[in-house]
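Structure, as structure tokens:
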Amino acid sequence: MIREQMKVLGNKKLAHQIYEMTLSGELVSLIRTPGQFVHIRTSSGNDPLLRRPISISSYNQEENTMTVIYRASGLGTKQMAESPYDTIDVLGPLGSGYQVNEDVKGKSMLLIGGGIGVPPLYELSKQLVEKGASVTHVLGFESARVVFYEKEFSELGQTLIATADGSHGCKGFVTNVIEQQGLIHADAFYACGPVPMLAAVEEQLAHIPGFVSMEQRMGCGVGACLACVCEVKDPDVPYKKVCTDGPVFRKGELIYG
Amino acid sequence: MIREQMKVLGNKKLAHQIYEMTLSGELVSLIRTPGQFVHIRTSSGNDPLLRRPISISSYNQEENTMTVIYRASGLGTKQMAESPYDTIDVLGPLGSGYQVNEDVKGKSMLLIGGGIGVPPLYELSKQLVEKGASVTHVLGFESARVVFYEKEFSELGQTLIATADGSHGCKGFVTNVIEQQGLIHADAFYACGPVPMLAAVEEQLAHIPGFVSMEQRMGCGVGACLACVCEVKDPDVPYKKVCTDGPVFRKGELIYG
Amino acid sequence: MDRLSVSLPGLSLKNPIMPASGCFGFGREYSQFYDLSELGSIMIKATTPHPRAGNPVPRVAETSSGMLNAIGLQNPGLEKVIETELPWLEQFDLPIIANIAGSEAEDYIKVAEKISAAKNVAALELNISCPNVKEGGIAFGTDPETARNLTAKVKEVSQVPVYVKLSPNVTSITEMAKACEEGGADGLTMINTLVGMRLDHKTGKPVIANKTGGLSGPAIKPVALRMVYEVSQQTTLPIIAMGGISSAWDVIDFISAGASAAAVGTANFVNPFVCQEIIQELPSILDELGADHILDLRGRSWMRHGEAAGHRA
Amino acid sequence: MDRLSVSLPGLSLKNPIMPASGCFGFGREYSQFYDLSELGSIMIKATTPHPRAGNPVPRVAETSSGMLNAIGLQNPGLEKVIETELPWLEQFDLPIIANIAGSEAEDYIKVAEKISAAKNVAALELNISCPNVKEGGIAFGTDPETARNLTAKVKEVSQVPVYVKLSPNVTSITEMAKACEEGGADGLTMINTLVGMRLDHKTGKPVIANKTGGLSGPAIKPVALRMVYEVSQQTTLPIIAMGGISSAWDVIDFISAGASAAAVGTANFVNPFVCQEIIQELPSILDELGADHILDLRGRSWMRHGEAAGHRA
Ligand SMILES: Cc1cc2nc3c(=O)[nH]c(=O)nc-3n(C[C@H](O)[C@H](O)[C@H](O)COP(=O)(O)OP(=O)(O)OC[C@H]3O[C@@H](n4cnc5c(N)ncnc54)[C@H](O)[C@@H]3O)c2cc1C
Ligand SMILES: Cc1cc2nc3c(=O)[nH]c(=O)nc-3n(C[C@H](O)[C@H](O)[C@H](O)COP(=O)(O)OP(=O)(O)OC[C@H]3O[C@@H](n4cnc5c(N)ncnc54)[C@H](O)[C@@H]3O)c2cc1C
Ligand SMILES: Cc1cc2nc3c(=O)[nH]c(=O)nc-3n(C[C@H](O)[C@H](O)[C@H](O)COP(=O)(O)O)c2cc1C
Ligand SMILES: Cc1cc2nc3c(=O)[nH]c(=O)nc-3n(C[C@H](O)[C@H](O)[C@H](O)COP(=O)(O)O)c2cc1C
Ligand code: FES
Ligand code: FES
């Protein structure tokens with residue numbers, strides 16, 4: 001976990017409001033698992049003040065490069081999108097991501113992403129495939145204009161898109177696609193997206209093991225401020241911290257408020 | 001007086017912490033006199049919040065370009081110096097500058113500048129020379145490393161430099177140079193610089209007409225907030241506003257606190 | 001289309017946007033930028049019985065996302081305001097809100113009596129919260145009893161409705177609001193500035209000659225919003241809100257918190273067109289939020305679903 | 001070279017820089033970034049008699065140059081802090097300041113008694129100013145009488161000096177400070193957060209689950225500075241200042257205003273190395289200002305020329 005002025009190698013628009021930033025620096029060598037995130041300072045002044053948590057969507061530890069994919073919606077992410085600077089202040093890698101062990105070999109894995117929850121699944125999928133798993137991606141978006149990385153995911157495995165308005169892929173939610181395509185018999189699932197999606201997926205796939213990646217508003221990003229907590233089912237542990245205990249949790253661990 | 005996203009044609013370092021920014025836009029066509037200033041927003045966020053008043057150091061109304069010269073010392077001016085953007089938010093032209101009439105012809109004019117008070121004298125000098133006056137410049141700086149525009153001023157008339165530490169030109173203040181060089185017999189003087197310099201110059205040159213340009217911390221820059229007042233000798237007018245009544249005042253008008 | 005019109009005691013506003021007192025002078029300067037008739041109203045600079053020279057300089061200092069000011073109520077005095085400034089403002093199609101100040105109760109009463117008789121003054125704003133003068137000002141605004149009495153006295157002489165401007169520098173803003181309500185106030189304006197300070201790094205001395213100044217700008221918006229939220233639930237008085245407003249969304253926030261109109265102060269210095277731009281942007285925001293009228297959003301931060309909004313024109 | 005060493009009741013500090021309570025947990029997380037022994041002290045997270053789960057989420061929201069938080073005093077409780085956290089901190093060469101909180105006077109007394117007996121706890125910080133809990137907290141910090149009594153009661157049981165943490169949400173901060181002084185406080189820490197709010201644009205509802213939150217960060221620095229300036233002139237108690245500090249120059253400002261030490265809160269979130277960097281930068285700033293010792297600058301904002309500074313180690 002370091003703080004580094006990383007080099008911005010690229011910052012390109014992928015879809016409506018969606019950008020991909022490629023970064024290089026020492027920080028990359030410290031990444032342990034897909035699903036970890038970085039905490040990015042978008043301004044050199046005090047407005048905005050706080051860093052922005054963004055998942056690492058892929059990384060290359062030989063070249064010390066990584067990419068993040070983000071939606072430029074608010075003050076900070078818009079600054080990122082418009083930044084003409086060639087370095088950016090990054091704190092990370094943070095959190096604990098998805099464990100990818102040798103035992104995934106030969107298994108059929110279901111990767112489920114919603115909106116800007118899709119990015120971390122890309123590195124995960126690459127690593128699963130590399131370790132011999134077969135992967136199916138079900139990616140949900142608002143509409144066609146915000147869809148990204150369809151091609152990249154397709155190269156790794158079957159990729160099904162759902163859009164809320166039906167403008168691309170199937171109309172509906174990821175759970176509709178999983179249902180329709182009979183994907184509930186995967187060996188395990190990995191999900192990242194908005195809380196209602198996570199809750200629905202956990203219910204639908206209650207019979208198989210799974211991992212979910214949570215989002216929460218953050219202060220420090222390192223576990224000190226207790227801003228980012230989420231409720232867990234274990235009665236002895238009232239809260240867990242998304243930034244250090246997560247963002248990836250085991251299925252069934254969390255209470256979705 | 002307009003607000004314009006002006007094009008930044010250049011932003012170059014002239015000396016230690018001293019930068020020259022060249023701007024183009026409609027605003028230039030509204031400039032009336034040398035010594036007017038613009039109010040520049042250096043950040044798109046709220047930090048810093050206020051604009052920065054900077055004198056127009058030269059302008060070309062045929063090409064709609066102007067330059068400002070500034071010292072990058074605090075938050076806002078540093079942002080200006082480091083700005084990678086190709087436009088900047090400018091409000092202006094503001095204030096009333098030095099009047100340059102036909103009657104300057106054949107007169108010998110003394111232009112006295114101190115530090116970042118030097119820039120507006122450049123356009124003034126150009127216009128005086130153009131109208132047939134002969135000009136002498138006495139420019140005071142902290143030290144050699146912050147001296148700028150010596151060559152540009154020299155091309156218009158005699159140019160004498162004073163530095164506080166003697167590292168360039170004469171050691172001492174502008175008033176020492178004026179004394180030593182017998183310049184007190186000019187037909188009129190024009191001064192811009194820190195208040196102690198203005199006060200000393202007014203005393204030294206009490207026998208000739210003169211004009212001084214004042215600085216004051218500003219809010220609005222347009223006369224509404226009453227932040228930028230200065231005391232005047234006229235007992236019926238307790239305060240004048242630097243941003244609209246000035247920044248240029250007639251010699252003897254102001255009380256230096 | 002009257003999606004923005006708001007009717008408050010004494011004030012029939014074509015829209016709920018107005019410059020805050022002290023940040024727009026008497027309008028002359030900003031009339032060079034746009035037609036002031038586009039505004040809902042103007043809260044003019046504080047007027048005192050006699051001309052005031054104000055504080056020594058420096059009078060302003062910058063802070064993170066804010067600024068400090070200690071102008072010290074510089075103004076040309078009641079007579080000049082009535083004879084020159086108000087008549088000049090008559091050319092615009094606007095009700096004027098006259099901000100009045102003084103060092104003692106008599107001052108307020110005197111100014112209120114005279115200025116409320118002016119043709120285009122539609123309401124008074126009682127500035128009992130100016131932090132930058134030695135006497136009066138904030139003293140009236142931090143003690144409920146004093147505020148109640150002053151309000152009642154001014155009400156007696158005023159020919160137009162009276163709004164009291166609250167200071168945020170108090171333990172309980174609702175207590176102050178209620179005191180003003182009891183004193184007979186027709187409305188509240190809030191908030192004035194928070195007392196703050198900046199030091200010169202080198203000398204360690206205060207940058208502002210007055211030593212302390214009033215903090216305004218986006219930095220104080222969270223405090224202002226919270227206070228409007230609290231007060232709007234505890235009194236029935238309409239609120240004209242201010243404190244860090246610099247965009248149409250900021251206005252929506254304050255209306256949602258419970259205000260009926262919004263004033264823009266410091267932001268005028270950053271962008272002289274800000275009030276005009278906000279007024280132009282509001283309709284599309286109402287579209288986005290599915291609101292017919294801006295006051296349909298009033299108090300939605302605390303209102304239970306389905307409750308009705310108020311003060312709609 | 002001891003240009004930075006400061007000696008305060010109970011606290012022999014190698015430098016006057018410490019993380020503020022609640023912004024550094026119990027130090028574990030930041031110990032990954034640098035050696036905590038470099039710090040002057042650590043103000044640990046508020047401890048209550050029993051474990052507290054804290055408030056629902058969202059607990060934080062961002063504002064211009066600031067942030068709102070309503071963590072709600074989540075902490076593992078007195079027993080765990082004494083058995084696990086404090087012993088873990090013993091590995092560092094540091095006096096610890098234990099921040100204590102509760103819903104009623106008994107809670108404070110209970111925690112004070114026990115925690116002040118811990119080996120490395122050198123002082124207590126009485127948190128009577130937390131705006132984010134329903135009971136206790138800020139209620140103790142806005143009434144002078146209550147604050148005095150609580151201070152006196154805690155003093156009776158504490159084995160180490162007691163600092164009282166003041167709330168800025170009051171009409172008169174000096175009145176509160178004097179009440180604590182009368183109650184027997186050994187020092188003051190100030191300021192806690194200002195109560196504020198942010199609304200969601202779309203729904204108009206508060207972003208923070210607790211509705212209101214405490215405003216911290218650079219936005220509040222001018223208010224904090226003014227309060228330290230006022231209080232340091234009105235009491236003889238040493239002050240540990242906080243509120244928007246994020247650079248060495250900010251520290252100099254607060255020392256100039258009259259503080260004897262400085263705590264850094266929100267800035268740790270922006271830059272985890274901030275405390276370390278400030279400590280490293282201070283000596284060159286002292287050179288620039290021609291000061292032998294940091295406390296030679298103490299109170300220079302209000303001190304007449306030539307007066308002596310104090311609390312130097
Ligand atoms: C572990 C984690 C991983 C994430 N990965 C990605 C990613 O790969 N790509 C991506 O586009 N987004 C990601 N997000 C969401 C992203 O952090 C927010 O969209 C972003 O912070 C919004 O900032 P803004 O400047 O656009 O919005 P603003 O409205 O300016 O934000 C205001 C404040 O709210 C916080 N905030 C707003 N929305 C969220 C949110 N959904 N989650 C957490 N904090 C929020 C901001 O951090 C900021 O403090 C992730 C969030 C978390 C917690
Ligand atoms: C009419 C006028 C013309 C000027 N022309 C020039 C010029 O041509 N070149 C140049 O370099 N400087 C000029 N100045 C001074 C310039 O405005 C300040 O140096 C600048 O505002 C400092 O900003 P900062 O971001 O560096 O400092 P900060 O320390 O961040 O400033 C903090 C606040 O103080 C104000 N401030 C600080 N110093 C001054 C000052 N000397 N005068 C007024 N306000 C100040 C800033 O505007 C800001 O609001 C002029 C000032 C005035 C009033
Ligand atoms: C330069 C300046 C002068 C002010 N003068 C007055 C005044 O004369 N009377 C008054 O009631 N408020 C005065 N105020 C306070 C504003 O009207 C407003 O309440 C405050 O600035 C908060 O709003 P803002 O954050 O939008 O500026 C003044 C504020 C500023 C910045
Ligand atoms: C997330 C967070 C948690 C806090 N928790 C506590 C706490 O437990 N006890 C306390 O006395 N103050 C707490 N505070 C207040 C800080 O200690 C400090 O007084 C305040 O944030 C102002 O300083 P800053 O602007 O440097 O953050 C907390 C502040 C923040 C931002
Ligand atoms: S963000 Fe601070 S604990 Fe997780
Ligand atoms: S800066 Fe506002 S009146 Fe001059």
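All chains are named by letter (A, B, ...) in the order of the sequence lines, taking the proteins before the strands, and each is independently numbered beginning at 1.
With a threshold of 4.5 angstrom between heavy atoms, D:Leu199 approaches chain C through its backbone and through its side chain.
Distance check: C:Met197 CE to D:Ser301 OG gives 5.5 Å after rounding to the nearest 0.5 Å.
At least one side-chain heavy atom of D:His201 sits under 4.5 Å from a side-chain heavy atom of C:Asp253.
Between chain C and the residues D:Thr203, D:Thr63, D:Leu68, the largest count of heavy-atom pairs under 4.5 Å involves D:Thr203. Considering only heavy-atom pairs separated by less than 4.5 Å from chain C, the leading option among D:Ala219, D:Gly244, D:Pro222, D:Gly196 is D:Pro222. With respect to chain D, the highest number of heavy-atom pairs below 4.5 Å among C:Ala257, C:Ser172, C:Ser64 belongs to C:Ser64.
A donor-acceptor contact closer than 3.5 angstrom links the side chains of D:Thr171 and C:Thr171.
By a heavy-atom distance cut of under 4.5 Å, D:Val223, D:Leu225, D:Arg226, D:Tyr229 are the residues of residues 223-231 of chain D near chain C, going up by number.
Closest of all the heavy-atom pairs between C:Met303 and D:Lys205 is O-NZ, 3.1 Å.
A search for side chain to side chain contact (heavy atoms under 4.5 Å, CB included) contacts involving D:Val207 returns A:Arg217, D:Ala61, D:Arg198, D:Asp200, not counting sequence neighbours.
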